[in-house]
Amino acid sequence: MSAFIKYVLILLLFDIVKSVLSFRCDRRPYGSTTTSSPADGRFKLQIVGGYDSYMPEQLYSVQITETDGQSRFTGFMVSAEGDLKQDPRNPRRMIQQYPGEIRPQNPSTAKFSDRCLYSVEQAVNSFKSTVEVYWQAPSSGNGCVTLRAMVAENENMWFEDGGPLTLKVCEDMRQPDDVTPQLNYECQICDEAKYEISFTGIWSRNTHPRYFPENDWVPRYSDLVGASHTGDLIIWAPGTEATEGLQQLAEHANSSKLETEILEKVGDGIRTLIKGKGHGNLKMNIPTYAFFRANKDHHLVSVAIGFSPSPDWFLGVARFELCQQDNTWLQERELNLFPWDAGTDSGVTYESPNIQTFPKDAVTRVQTSSYDKNSPFFEMDMKDLHPFGRLGLKLIRTYHRECEETTESEEGETTEKAEKEEVPDESGEPEEPSRYQYPELASSDNGGSLGPDPESSDDCPMTPWQDWSNCEGICEDGKIVGIKWRERYHLVDGIPVGKYDPNAKHLPKKEVSKYCEETFEHFEELPCKEDCSETKEENDEITAEQRFMAPVIPGHTWSKKRALIKTVNKN
Ligand SMILES: *[C@@H]1O[C@H](CO)[C@@H](O)[C@H](O)[C@H]1NC(C)=O
């Protein structure tokens with residue numbers, strides 16, 4: 001085909017597409033003879049999750065719902081319309097950009113429209129209070145998309161367009177690494193995972209000059225607080241109302257209430273409370289670290305970090321999926337954090353006086369292209385906005401776990417094995433912040449699951465072995481050749497002797513009998529080999545934090561043990 005004919009064909013195609021698109025399709029309910037009535041606010045169109053911008057190619061649920069608790073509709077249509085732009089081949093002509101795809105969510109309630117492009121309509125005329133359809137956003141560079149709804153109470157009473165039935169959403173210009181993966185409701189990974197989470201502050205006078213607080217000693221971050229949790233649990237989420245804990249964190253950078261709310265659900269939807277130290281006073285760019293565990297049931301992570309001064313703004317991720325679609329644990333991810341608005345204070349700038357929002361609004365993004373001159377984000381384009389912090393997630397290791405389903409012949413054996421592995425796991429793992437931060441939890445553990453290992457002798461009761469440490473050593477050529485170690489403790493009168501407790505002021509003096517001491521090891525080490533990365537500047541920072549958490553070999557100080565390990569490696 002000659003280039004000329006191709007060109008003509010393309011032009012023709014554009015003409016056809018254009019004529020189809022510019023035809024404003026008739027969305028009148030079937031059989032209706034009336035024109036539409038002005039929207040009266042009883043029905044509204046929204047994107048589930050409260051998004052007001054879209055991530056390219058992301059799947060969204062779009063919902064028509066009544067707003068007064070009683071109105072019902074029979075017919076509907078949801079359409080997507082792209083922005084017009086100049087045809088690059090013919091500047092005198094406007095063409096419509098691709099608006100993405102609207103699809104039925106449930107074929108028994110919705111179907112593709114025969115009349116209109118990029119539209120879905122009712123499959124049956126039953127009365128409904130709400131309906132949801134999918135919208136797959138277009139790829140990057142397609143500008144803004146207008147979502148429109150037609151809602152019919154009956155064939156003669158119907159509404160289209162207007163405020164509550166039209167939504168214009170533009171591409172969210174944040175980097176794709178800020179997009180959180182889709183939820184994997186059927187996580188099938190049996191092995192448990194241990195993650196490191198890090199938060200690095202970026203908010204400063206250099207990155208965010210407009211209205212940055214005058215006094216450099218004032219700005220600070222709250223502690224980082226969050227949890228690994230199940231799919232049905234919400235610690236915070238866009239589009240939902242902030243809990244009192246989130247409100248305190250967002251308004252006053254005080255995390256204690258949110259921690260309490262999370263602690264109340266440990267064991268009931270929550271696997272690990274995550275807590276990392278918040279920095280202020282000119283140290284806001286120093287990273288903070290914490291560790292947490294995730295498993296088949298608790299495969300989401302949510303965290304929040306308040307920053308002060310601010311009306312009710314905070315940073316964080318909500319319901320971030322760690323269990324990937326191919327049923328492997330996410331290895332590593334960096335996320336840029338942009339401020340969220342908790343919906344509880346109507347101030348517009350960092351140092352606004354408190355203006356309580358009543359009733360509370362839902363959690364949404366802080367409006368970045370604000371037209372309010374007092375806003376730090378006055379007329380700012382999202383793509384020019386620096387993140388306020390960066391969150392890192394890194395898989396540290398996994399723990400082998402048997403899946404619950406077992407064949408009958410193996411059942412006895414597998415259950416027993418699973419139990420044995422569970423015991424050390426629950427035995428107050430020292431590096432988990434929940435136990436480190438909460439001595440009361442740790443001590444109840446000592447009385448409970450840190451009881452004697454049923455396998456240890458009655459004469460010399462001991463706790464179960466704790467988990468193996470990471471492979472420790474010097475990283476060379478991407479490999480650590482070092483040692484890993486684990487410990488257990490002699491129990492005297494039910495007290496684990498020599499167990500390091502950073503909160504205990506007076507360690508109870510308990511003597512282990514010579515016989516027990518000599519007969520039963522409390523410390524084991526093994527050579528190990530592991531991949532590692534050498535470019536880990538933050539290494540010192542992590543170990544500094546772990547110093548408090550790592551158990552100390554009785555009779556050694558922590559630093560001695562460290563030195564010992566290094567010497568071993570050099571030989
Ligand atoms: C944080 O809030 C709690 C009440 O939720 C209060 O007891 C505590 O004093 C507050 N901490 C600070 C530093 O203001």
Side-chain angles (χ1 to χ4, degrees), residues 41 44 46-47 49-55 83 143-147 162-164 166-175 178 201-222 236 238-239 241-242 246-254 280-282 284-285 304-316 336-390:
K44 73 171 178 197
Q46 60 186 5
I47 300 179
Y51 299 97
D52 51 11
S53 56
Y54 70 83
M55 288 290 181
D83 263 359
C144 301
V145 173
T146 306
L147 300 170
T166 306
L167 272 179
K168 183 162 178 166
V169 280
C170 300
E171 183 181 345
D172 192 328
M173 299 307 258
R174 287 172 296 149
Q175 294 305 304
D178 309 324
I202 301 179
W203 185 41
S204 73
R205 192 181 301 287
N206 287 335
T207 52
H208 302 84
R210 192 177 169 91
Y211 296 133
F212 191 82
E214 281 295 321
N215 182 340
D216 277 326
W217 291 88
V218 167
R220 65 182 179 92
Y221 292 111
S222 76
W236 76 269
E241 206 173 86
L246 186 71
Q247 179 171 357
Q248 296 271 328
L249 177 109
E251 290 189 15
H252 310 297
N254 180 341
N281 300 347
L282 307 172
M284 292 172 71
N285 58 351
I305 303 117
F307 59 99
S308 174
S310 87
D312 60 343
W313 300 341
F314 67 101
L315 307 173
N336 289 317
L337 302 182
F338 296 91
W340 293 96
D341 184 319
T344 57
D345 184 314
S346 307
V348 292
T349 191
Y350 302 125
E351 296 179 284
S352 294
N354 276 348
I355 312 167
Q356 209 64 22
T357 309
F358 187 82
K360 287 184 192 175
D361 285 332
V363 175
T364 54
R365 279 283 176 204
V366 170
Q367 203 191 348
T368 45
S369 50
S370 170
Y371 291 111
D372 191 323
K373 278 211 164 64
N374 296 316
S375 162
F377 314 114
F378 174 61
E379 290 185 342
M380 186 180 232
D381 194 329
M382 185 77 191
K383 67 177 184 297
D384 299 328
L385 178 64
H386 280 275
F388 276 61
R390 197 164 287 136

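The first residue in the sequence is number 1, and the count goes up from there. The model shown is predicted, which means the values in this text are computed figures rather than measured ones.
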Hey, does [Y] have a side-chain heavy atom less than 4.5 Å from the side chain of [X]?
{"X": "M284", "Y": "P219", "result": "yes"}
{"X": "F314", "Y": "I305", "result": "no"}
{"X": "N206", "Y": "F212", "result": "no"}
{"X": "V218", "Y": "P309", "result": "yes"}
{"X": "D83", "Y": "K168", "result": "yes"}
{"X": "D341", "Y": "D361", "result": "no"}
{"X": "L315", "Y": "W340", "result": "no"}
{"X": "T146", "Y": "L167", "result": "no"}

Query raised in the report: Does T349 reach the main-chain N or O of S352 with its side chain, forming a donor-acceptor pair under 3.5 Å?
Result: no

Value rounded to 0.5 Å, distance of [atom1] in [X] from [atom2] in [Y]:
{"X": "Y211", "Y": "N374", "atom1": "OH", "atom2": "CG", "value": "5.0 Å"}
{"X": "Q248", "Y": "D312", "atom1": "CD", "atom2": "CG", "value": "12.5 Å"}
{"X": "K44", "Y": "T166", "atom1": "NZ", "atom2": "OG1", "value": "14.0 Å"}
{"X": "W203", "Y": "R220", "atom1": "CH2", "atom2": "CZ", "value": "10.0 Å"}
{"X": "N254", "Y": "S308", "atom1": "CG", "atom2": "OG", "value": "10.5 Å"}

Query raised in the report: Strictly by modelled atom types, are T357 and T344 linked by a side-chain donor-acceptor pair under 3.5 Å?
Result: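 No - no donor-acceptor pair under 3.5 Å links their side chains.
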
Compare every heavy atom of [Y] with every heavy atom of [X], then report the nearest pair and how far apart it is.
{"X": "L246", "Y": "A304", "value": "CD1-CB, 4.0 Å"}
{"X": "S310", "Y": "W313", "value": "OG-N, 3.1 Å"}
{"X": "A342", "Y": "A250", "value": "CB-CB, 3.7 Å"}
{"X": "L249", "Y": "S222", "value": "CD1-OG, 3.4 Å"}

**Report entry** Verdict with supporting geometry, Q356 and E251, side chain to side chain contact (heavy atoms under 4.5 Å, CB included)
**Finding:** CA-CA 10 Å; Q356 209 64 22; E251 290 189 15; 3.8 Å; yes

Query raised in the report: T207 and S204: side-chain hydrogen bond (donor to acceptor under 3.5 Å, both in side chains), yes or no, with the steps?
Result: CA-CA 5 Å; T207 52; S204 73; 3.1 Å; yes

Query raised in the report: In this structure, which one of F338, F388, F307, F377 forms a ring pair (Phe, Tyr, Trp, His ring centres under 6.0 Å) with H208?
Result: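 One option only clears the test, and that one is F388.
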
**Report entry** Sequence neighbours excluded - salt bridge (Lys or Arg N to Asp or Glu O under 4.0 Å) pairs with any residue from residues 351-360
**Finding:**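 For residues 351-360, and leaving out neighbouring residues, there are no salt bridge (Lys or Arg N to Asp or Glu O under 4.0 Å) pairs at all.
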
Query raised in the report: Which salt bridge (Lys or Arg N to Asp or Glu O under 4.0 Å) pairs, counting each pair once, include a residue from residues 201-218, with sequence neighbours left out?
Result: R205-D216

Query - Any residue meeting ring-ring contact (aromatic ring centres under 6.0 Å, His included) with Y221, in chain and number order, not counting sequence neighbours - result: F199

**Report entry** Test log, rule side chain to side chain contact (heavy atoms under 4.5 Å, CB included), inputs I202 and N285
**Finding:** CA-CA 6 Å; I202 301 179; N285 58 351; over 6 Å; no

